[in-house]
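Each chain gets a letter, A, B and so on, in the order the sequences are listed, and its residues count up from 1.
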Amino acid sequence: MILALDSYFEPWWIQIIKSLLIFGVALGILPLIIVYERKLLGRFQGRYGPNRVGPFGLLQPLAEIVKFATKEDSRPVTSIGPLYLAAPVISILTAVAAFALVPFGDVTNVFGTRVGLYGIDPSIGPLYVFAFGAIAFYGLMLGGWASGSKYSFLGAMRAAAQLISYEVSQGLALVGVIITAGSLSLTAIVHAQGGMWYFIPQCVGFLVFTIASFAETNRSPFDLIEADAELVAGYFTEYGGTRMVAFLFAEYLNMMVVSGIAVTLFLGGWLLPFGIHPPTWVDPFVVLAKMMVFISFFIWIRATLPRLRYDQLMSFGWKILLPLAMANTLVTAIIVVAVHK
Amino acid sequence: MSTVIFFIAAIGAITGAIGVIVLANPFYSVLALVGHLISLAALFLLLRAEFVAAAQVIVYAGAVMVLYVFVVSYVGNDASPVGQGPSRAATLGAFACGIALVVELFIAVLGSGLQAIGTDGAPYAVGFGTPEAIGKLLLTRFLAPFEIASYLLLVAAVGAVTLARRRHGLDEGVEGDPPTVSVMDLLRPRPVGTGTMAEAGGRVEVGEP
C-alpha cells in the first residue's frame, strides 16, 4: 500500500468494513439528530414538535425522506448542468471523509485482529479535517454559482467570506491543544488527557473553537449563508428533492464532525472522569454521548440567539476571535516551554 | 495500486494545467486550477509528504483559490475573453519566454532527471514528511528563509490593509483631498458592539437610521 506506515496495521478487509460502517453509522444517525433537533426546538419554543408519525414522532424523518425522494426532479433553466449536479455530491463526500477521522475508541482486539476504532489516524491529524473542509467549500460555492440565481449567488459569496474568516480561528484554536499534547495523532491526544481534559487548561481555545465551529457549519447565529429571511435558503435555494437533502445531510454531518473533533481534542474522547474505566466496548458509546451533549448545545444556541449582522460577523471574526486564538497559542507555547525546561 | 493513483493524479494535474490556459471562461479556469492543485496534493501523498499535501489543499485549494473564485464570479461571470488580446510584441515575447522555459526544462530533465529513472530514488526515512520533521527543518536548517518569507507576508498584509483604508469613502476627508492614514488608524477605538461596514467598503454612521 502507498501509505504503509506503522499506524496502518489493519488488513485490507478490516479497512473496507470500517469504511462501510462509518458511512452507515454517519448516515443512519443523521435522521435521528434531525428529529432530535426538531423535538428540542419545539420544547424550547413551548410546543410539541413533530409527534404524528410513529411513536413520539420518531419516524418523521423517514416520512420526509420518502417525500423528498418522490419529488419532481427539477432545476432552473439558468443552471449550469454538470456543476449543478456535482455540488451536492462534493458536499456529502467530503463530510463523510472528514467523519473518518473521529476516533470512537483506542486500538482493540476484534476477532483476533487489532482494530483501531476510528477511520484513520494520520500523522497530520486535524489538518486532514481542514483539508476536506477546504474541498467541501466548493460544494457550497458551485451549488450557489451554478444555480444561476441571485439568492444562491449571494449565499455562495457569503459562504466564501465567512468560511475563510472563521477557518483561520478554528485552526489556530487547535494549536494550543496540539502544543500541550505534543502530538497531532488524535488517539495520542486523547491519551494525553488522562490527567485532565483539555477544555480546562485550554478554555480559551475551546471557546474560540466552539464559536468558530458554529460559523464553519453555518449554524445559528452565524447562518447568514442560508439566512432564510433574506436569501430564502442561500446556496441551495434552487435545489429540491434528494439534492437538497444531500446538502442538509452534509450540513448535519459537518456538525457531527465538529462535535467529534471537539470531544476528542477538548472533552477527553472516550475517557471518563473520576477514574472510571469501563470495558472497551463502552468507549464508542461514551464518545457518542459526549457528541450528543455538544450537538444539544448547538441546538440550544440556535433556539436562543438571533442572527448576526454581516459586518458584525466579519468584525467579530477578524478583530476579536483571531487575536484571541493567536494569544492563546502564544501563551500556551510560552507556558509549555517554561514548564518543560 | 500506487501506479494507478499516480497516473490518475498526473493526468489530472496536466489536464487541469492545460485547462487553466485554454478555457475561455475565467470561472472554469479557476476550477481547472483547483483540480490541478488537488491532483498535485495526491502526487505529494504518493511521495509520503503528508503535511505538504494537506497544506497544499488547505492553503492553495482552500484559501487562495476561494478568493480567486470569489473575485472571478463577481467580475468575470460571462464567457467573454479577458482583455482585448495582447499586442504583437507581447505575443512574440511570450513565445520566446515559453521556448526558453521548455529548453531549460529539457536541460534539467535530460541532464539529471533521466539518470534517476533507473534507480529507486532516495530511501524512505521513518518520519519523513510528517509535521514534526518539517517543523524541525523549518526551525533549524531553513530558519532564515522561513523568517524572511514570514516578514514578506507580514509586509504584504500591512500594505494591503493600508491601501484598502486609503480608498475613497472610507475616511472623513474633504472632497478631492485624499485623507492620509497611518497604520495607527487601524487601532482607533470604536464603541463596543457597533459595526462600521468598513469591511464591506462602505460606511454606516453609528446612531443613524
Side-chain angles (χ1 to χ4, degrees), chain A residues 1-6 12 80 82-83 86 90 94 122-138 140-142 144-146 148 153-154 156-165 167-168 171 178 182-185 308-320, chain B residues 1-6 25 27-28 30-31 34-35 37-38 41-42 45-48 50-74 77 124 126-127 129-134 186 190 192-200 202-204:
Chain A
M1 283 297 293
I2 48 166
L3 293 174
L5 293 176
D6 309 336
W12 60 272
I80 296 162
L83 294 183
I90 298 176
T94 48
S123 68
I124 51 175
L127 288 176
Y128 173 91
V129 168
F130 286 105
F132 276 105
I135 301 175
F137 160 78
Y138 288 98
L140 275 61
M141 184 73 214
L142 291 181
W145 190 78
F153 182 66
L154 285 174
M157 287 296 112
R158 283 188 179 181
Q162 175 175 329
L163 295 192
I164 293 186
S165 306
E167 195 179 25
V168 185
I178 293 162
S183 172
L184 272 164
S185 153
L308 290 180
R309 223 169 52 214
Y310 194 72
D311 58 315
Q312 291 172 330
L313 173 93
M314 283 294 142
S315 295
F316 181 72
W318 288 108
K319 293 181 186 167
I320 296 176
Chain B
M1 183 73 180
S2 56
T3 319
V4 174
I5 296 178
F6 169 80
N25 189 333
F27 191 83
Y28 291 128
V30 172
L31 286 187
V34 173
L37 290 171
I38 291 175
L45 264 188
L46 283 176
L47 296 172
R48 298 179 193 250
E50 297 169 25
F51 179 76
V52 179
Q56 167 98 0
V57 173
I58 294 170
V59 175
Y60 286 104
V64 176
M65 294 321 290
V66 164
L67 288 181
Y68 274 46
V69 169
F70 193 82
V71 172
V72 164
S73 49
Y74 260 136
N77 205 359
Y124 171 67
V126 176
T130 57
E132 192 184 2
I134 289 177
L186 304 181
R190 183 168 54 70
V192 177
T194 61
T196 59
M197 290 297 282
E199 293 82 7
R203 188 182 183 86
V204 174

If the plane angle is over 60° it's perpendicular, under 30° parallel, otherwise tilted; pick one for A:W145 and B:F27.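 Rings of A:W145 and B:F27: parallel, as their planes differ by under 30°.
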
Considering residues, nucleotides and ligands other than B:Y60, do more than 12 of their heavy atoms fall under 6.0 Å from its OH?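 Atom OH in B:Y60 is not crowded, with 12 or fewer foreign heavy atoms closer than 6.0 Å.
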
Taking all non-hydrogen atoms of both residues, which atom of A:A134 and which atom of B:G62 are closest, and how far apart?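 For A:A134 versus B:G62, the nearest heavy atoms are CB-CA, 3.5 Å.
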
Which atom of A:A131 lies closest to which atom of B:A54, heavy atoms considered: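 Heavy atoms only, the tightest pair is CB-O, 4.5 Å.
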
Under 3.5 Å, is there a donor-acceptor pair between the side chain of A:Y138 and the main chain of B:A61?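 Answer holds: yes.
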
A:I135 and B:I38, any side-chain heavy atoms less than 4.5 Å apart: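 Side-chain contact under 4.5 Å: yes.
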
Residue part contacting chain B, namely of [X], when any heavy atom lies under 4.5 Å:
X: A:I320; value: neither
X: A:I124; value: both
X: A:L184; value: side chain
X: A:L83; value: side chain
X: A:M157; value: both
X: A:F137; value: side chain

Counting heavy-atom pairs under 4.5 Å to chain A, which of B:V57, B:I58, B:V59 comes out on top?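 Result: the option with the highest number of such pairs is B:I58.
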
What part of B:F6 gets closer than 4.5 Å to chain A, counting heavy atoms only: side chain, backbone, both or neither?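 B:F6 has no heavy atom closer than 4.5 Å to chain A.
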
